[in-house]
Structures are given as structure tokens and as C-alpha cells.
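To keep things clear, I will list the structure first and then write my remarks on it.
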Amino acid sequence: MSMIRDLRAVVRPSARPVPHKETAAPFEPDTTTSSAVVDCAVYRDGARVESGRTLSPQEAMREARRDGGFVWIGLHEPTEAEFAGIASTFGLHPLAVEDAVQAHQRPKLERYDDSLFTVFKTVHYVEHDQLTANSEVIDTGEVMCFTGRDFFITVRHGGQGSLRALRHRLQEDAELLAKGPSAVLHAIADHVVDGYIAVADSVQDDIDEVETEVFSPGRNGGVSRGVDSARIYQLKREVLEFKRAVAPLQRPMQLLSERPMRLVDPDIQKYFRDVADHVARVHEQVMGFDELLNSILQANLAQASVAQNEDMRKITAWAAIIAVPTMVCGVYGMNFKYMPELHWKYGYPVIMSVTVALCLGIHRTLKRNGWL
């Protein structure tokens, strides 16, 4: 039970750490060392081995295989040339290496001879004062993980999703890190999925705001004319981007939680079930967002149509009222010599009175029927 509490405390800290920009560690000159390496360390018995100097990935690998433990290397957007030496040292599969360098991959889990290759899409909520047709709501990145018997390599793409704070938290829990690379894989998976939950809550607020505007009454309690449809379309596009990050991750998490794997510690595998449950929950939320936005968009278009019909009814009603004096003026504007009431003393006031009475009668009837 103490291990469960410690594990949850590490991967779900109560206070969110302040993000800061990662900088490459100052490695000693080495033709095989990549400038994209953010951190490289050997962990033995759950503790980071301090060698007094910064090790290259090749030196760290030799030390880990000689004295036991595992190597954890973090890279940020390496080029093919920068990653080639590390891929050769750890025997990474060429297809996985190509995916890690090129990025823009779907979340997935692939098993090779002596390693697991896992792809996560990280999501970040972009703060904005007001949702517009051009607002960016969700920013995505990628984290690729190579899990081996005695190594763990992360390749990160994008400006978000730093793992430095997570590494520091894990280093404070020796019992957890002693479980090996699979403990780090679980911690990253849980960290990424926790980010999904936070983003889903923020997107829910944006959808609630749009929904309130769409269904709020219009001026003078009339029919609402809706909101700009482009705002709803923009939010749908952002939700679609979110769905592309969450939906494909369900299967990999199920495999990690249900299928025994020799590279995953049995004690750690149990906790992947919790991650899989969270992914399923977020996926249901995102699918609900998509359906809700479809309904909001349809309601918005329907309200716009109703408002247009109401405008047309008003225009038609006033046209009917104006038709009466137009007809009378048209009749008496004809150039006939013999017309009734032309020379009658009370002809003008009678005709004007009849015209006004007809207009008032039509106005009252249309008002009573809701056209005005």
C-alpha cells in the first residue's frame, strides 16, 4: 500500500510545477554525442549515479551494463545525424528511429526484439481572453519513448511537454525507480494523460461559454440571432485535434495493462490499468464535446434561420400596410377627367380617413397574429 501512495504522489503532485525552458546539458566534446541531449544519467537501485562529470550516452551505457542499473536519456527534436550515434549504441530499430526523428506520428505501441517503442501526443491548453474564429485552443507536441532492459530514451517534439520536473520527482522516489525503465514509462504515460484531463476541463469551459451565448435570449426577450458560426467551427477543429491525441492511445494502454511483457515489471503493469481508465474517460469526454458542438452548431444555424424568417415577416407586414395608401394614391393619380369625388368638398378628408383606418386595421390584425 505504501508503494501505491508513493507512486501516485510522484506522478500526480498536488502542486503543478512552474514550467521552464529546457537547455541542453554541457557535454564534453564527443563526436558521438548529440547536441539535442537534454539530460543523460545512470540510475542504480533507484538512485541517480553521480559520476562527478557529465556522461555521454555511450559512457552511460557502458557504466550501466558494467555495474547494473539503467540509463535514462532525454532528447529534444534531434536530427537524423544527431540521433544516429545513440540509435547505434542502443540497437534501436531503424523504423522506430525514423518515426522518432520525423515526428508527426499517431500514438502507438510497437514491440521490437529488445525494446518497446511508444508514442504519446502531449496537449496544452492555450489561454485566451475570448474565443474567436482564429483562436488557438489546443497546442500539441509528441513524446517518443524507447524502453529497453537497461535503458530508457525519450525524444520530445514541440515546445510543450517538458519532462524535467517529472524526472526530478521520480528521482525522489528510489523505491519506484528501482523497478527500472517500465516505471519511467508508466510515469510519463500518467503525466501525459493527466494533461489530457486538465485540457478537457478547460475546453469544457469554452464549450459552455459558446452554448450559453447560443441559447441566451435575444434583445427584448426575442429569438437569439446566435453567434458567429466560425467560432464554433474553430472550436470543433481544436476538439478534433484533441481527439487525434486521445483516441489512438486507448489500445496501447490496454496492451500495457493487460498483456504481460517481459520489459514491463509486473508490479508496474497494474498501474497502467489506472492510466487506461483515465484515457477511456477523456476519450468519452472528447466524443461528447464533438457531439455537443454539432448540436450547438445546428441550433445556432436554426436560430439564424428563425431570426431571418422573423425579419421577413416584419418586412412583409409593413409592405401590406403600405400597399393601402399606395393603391389609393395610384388610383387618384390617374389623369381621368371624370372621377368620383374629385370635385366633392369632403372627398379628400374622407379618402384620407378611410386610408388611415384601413392601415390601422391591418396593423392591428398583424400585431395580434405576431407578425409585428
Side-chain angles (χ1 to χ4, degrees), residues 12 16 104-108 119-143 158 160-161 189-254 273-311:
R12 299 195 186 104
R16 182 176 296 178
H104 305 295
Q105 305 295 319
R106 295 176 74 252
K108 60 183 178 179
V119 177
F120 299 97
K121 271 194 175 296
T122 59
V123 296
H124 170 72
Y125 181 76
V126 180
E127 298 289 345
H128 48 272
D129 296 331
Q130 184 179 7
L131 182 65
T132 66
N134 299 317
S135 294
E136 185 180 9
V137 179
I138 294 175
D139 182 26
T140 61
E142 293 179 49
V143 175
Q160 305 296 332
D190 196 69
H191 173 73
V192 170
V193 175
D194 281 349
Y196 293 169
I197 296 174
V199 171
D201 293 339
S202 299
V203 171
Q204 180 70 67
D205 294 337
D206 283 335
I207 295 177
D208 290 343
E209 179 182 346
V210 171
E211 185 179 22
T212 301
E213 292 185 25
V214 168
F215 292 101
S216 61
R219 290 176 298 178
N220 300 323
V223 178
S224 172
R225 295 181 179 271
V227 300
D228 183 8
S229 297
R231 293 172 57 191
I232 305 177
Y233 275 117
Q234 176 65 14
L235 196 52
K236 277 182 63 65
R237 285 194 294 267
E238 296 296 307
V239 169
L240 178 61
E241 187 72 17
F242 194 6
K243 183 165 66 173
R244 289 172 180 166
V246 177
L249 190 59
Q250 286 188 288
R251 182 59 178 167
M253 292 300 100
Q254 288 178 353
R273 300 173 190 168
D274 184 55
V275 179
D277 289 341
H278 287 178
V279 172
R281 191 184 78 182
V282 175
H283 180 254
E284 291 176 358
Q285 279 186 281
V286 174
M287 296 301 294
F289 292 161
D290 194 32
E291 295 177 3
L292 181 57
L293 285 171
N294 285 334
S295 301
I296 292 174
L297 180 60
Q298 292 175 1
N300 186 61
L301 296 176
Q303 287 182 341
S305 298
V306 170
Q308 291 176 353
N309 291 337
E310 185 176 342
D311 291 340

Evaluation steps, side chain to side chain contact (heavy atoms under 4.5 Å, CB included), between Glu209 and Asp206: CA-CA 5 Å; Glu209 179 182 346; Asp206 283 335; 4.3 Å; yes

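- Distance CG/Asn300 to CD/Glu211: 12.0 Å, rounded to 0.5 Å.
- Listed by chain and number, the residues in a side chain to side chain contact (heavy atoms under 4.5 Å, CB included) with Arg273 are Ser257 (sequence neighbours excluded).
- A distance of 6.0 Å separates CZ of Phe120 from CG of Leu249, quoted to the nearest 0.5 Å.
- Partners of Glu142 under the salt bridge (charged side-chain N to carboxylate O under 4.0 Å, His left out) rule, at least two apart in sequence or in another chain, are Lys121.
- Residues Ile197 and Gln285 have side chains not in contact (no heavy-atom distance under 4.5 Å, counting atoms from C-beta outward).
- A heavy-atom distance below 4.5 Å is found between the side chains of Phe242 and Val282.
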With a cut-off of 3.5 Å and sequence neighbours excluded, list every side-chain donor-acceptor pair involving residues 286-296.
residue	atom	partner	partner atom	Å
Asp290	OD1	Lys236	NZ	3.0
Asn294	OD1	Lys236	NZ	2.7
Asn294	ND2	Asp290	O	3.3
Ser295	OG	Glu291	O	3.2

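- Residues satisfying the side chain to side chain contact (heavy atoms under 4.5 Å, CB included) criterion with Glu284, sequence neighbours excluded, are absent altogether.
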Residues Tyr125, Asp205; criterion side chain to side chain donor-acceptor pair (under 3.5 Å); working and verdict: CA-CA 12 Å; Tyr125 181 76; Asp205 294 337; over 6 Å; no

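- When all heavy atoms of Ala276 and Gln254 are compared, the pair lying nearest together is CB-N, 4.5 Å.
- Within the 4.5 Å cutoff, no side-chain heavy atoms of Leu240 are placed close to those of Arg237.
- Each of Glu238, Glu127, Gln234 was compared with Val137 under the side chain to side chain contact (heavy atoms under 4.5 Å, CB included) criterion, and only Glu238 meets it.
- In this structure, the side chains of Asp194 and His278 come closer than 4.5 Å at one or more pairs of heavy atoms.
- Pairs of residues two or more places apart, or lying in two chains, never qualify as salt bridge (Lys or Arg N to Asp or Glu O under 4.0 Å) while including a residue from residues 292-303.
- Scored by the side chain to side chain contact (heavy atoms under 4.5 Å, CB included) test, Arg106 finds Pro248 as partners (sequence neighbours excluded).
- Across all non-hydrogen atoms, the minimal contact from Ala245 to Pro107 is O-CG, 3.4 Å.
- Between the His128 side chain and the Val126 main chain, a donor and an acceptor come within less than 3.5 Å of each other.
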